[in-house]
Amino acid sequence: MAQNYVIKVTPATLSKMKQHYQGQLLTKKVPYTVFTAKAGATTITAYQSGKVMFQGPAASQEAAHWEGALLPSKKKKTAANNTALPSNFSQWSVIGSDEVGNGSYFGPLTVCAAYVAKEMIAKLKALGVRDSKELTDPQIIQLSQVIKELIPYKLLTLQPTKYNAIQPQYNAVHMKVALHNQAIFLLLKEIAPEKPANILIDQFTPAANYRKYVSGEANQVAEKLFFITKGEQYHIAVAAASILSRAAFLEELVRATQELGFKVPSGAGAAADQAGAKVLKKGGLALLGQYAKLHFANTEKAKKLAGM
Ligand code: MG
């Protein structure tokens, strides 16, 4: 989905950015710009005023590197005090939250907030809770069952039917903000009177953007919030949340596969187009809308494949 983000940075950050994108600079001259660059699918236009525009499907993630100077430069990541997180953060009692399914045509959007009190950190680590990208699907399912027995969590699943109904009003980022906020709100209520030292959200949009969207939500949680990309590296609560949301997403794909009688894939590639065409032939757009996020470009491709 095309996204458009504008952030405002200091002259110092602007020159750091120019350095960072050195190998990806575009030669075209745009008036009043310091540089233009293309990083993956994201186009970056930096103006003399300090405004920097990010355009493309991953615009928010790219902008997140610069917003709030949380990760000013990937190269300096190992340097001390280079994040906004307090030192010793990984040893604190923290609520972590993460989501899965945003980039997959089939399946729901799942969001989980998980609370890991400091006494539980070593235990979860010993059980193998870590970055879900390092785990296989069966390991994720198995670990999710263990985690659910050990810690408080809130898991929200936005099924495709509901997703499609609200998608015209809520863009994908707004939806994620609303779900993260609601999961955290419910979890805070459940663990009360105990309180986490902090809340860490695996960052998917610049902090200012999160705060903008959350301000319109009921039950908004605005305090103790930290945002960082690759959050699972900073606290095991995010890793646990990531495993629980991924397991829930995978289980929904398995259910869809059983209901439809053929393999329902993850992702948004050619396999998703093919499966989409099969669903269309079986029950048209009404059936497809129960399993897939219809605003993805895959819908048009599936229609062509199905001869519609
Ligand atoms: Mg994430």
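Order of appearance sets the numbers: ligands from 1, and atoms from 1 within every ligand. Computed from heavy atoms alone, side chains included, the values below leave out hydrogens, waters and symmetry copies.
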key: Tyr21: partners by side chain to side chain donor-acceptor pair (under 3.5 Å), with sequence neighbours left out   = Glu62, Trp66
message = Tell me whether the rings of Phe89 and Trp92 are parallel (<30°), tilted (30 to 60°) or perpendicular (>60°).
response = tilted
query = For Glu134, which residues count as a salt bridge (Lys or Arg N to Asp or Glu O under 4.0 Å) partner, sequence neighbours excluded?
reply = Arg130
task = Output all residues satisfying salt bridge (Lys or Arg N to Asp or Glu O under 4.0 Å) with Lys304, sequence neighbours left out; order by chain, then residue number.
result = none
ask   = Do Tyr210 and Phe227 make the cut of ring centroids closer than 6.0 angstrom?
value = yes
query = From the Mg ion (ligand 1), how many protein N/O/S atoms are found at a distance short of 2.8 Å?
reply = 2
query = Counting distance only, does the side-chain N/O of Ser104 pair as donor-acceptor with the main-chain N or O of Phe106 below 3.5 Å?
reply = yes
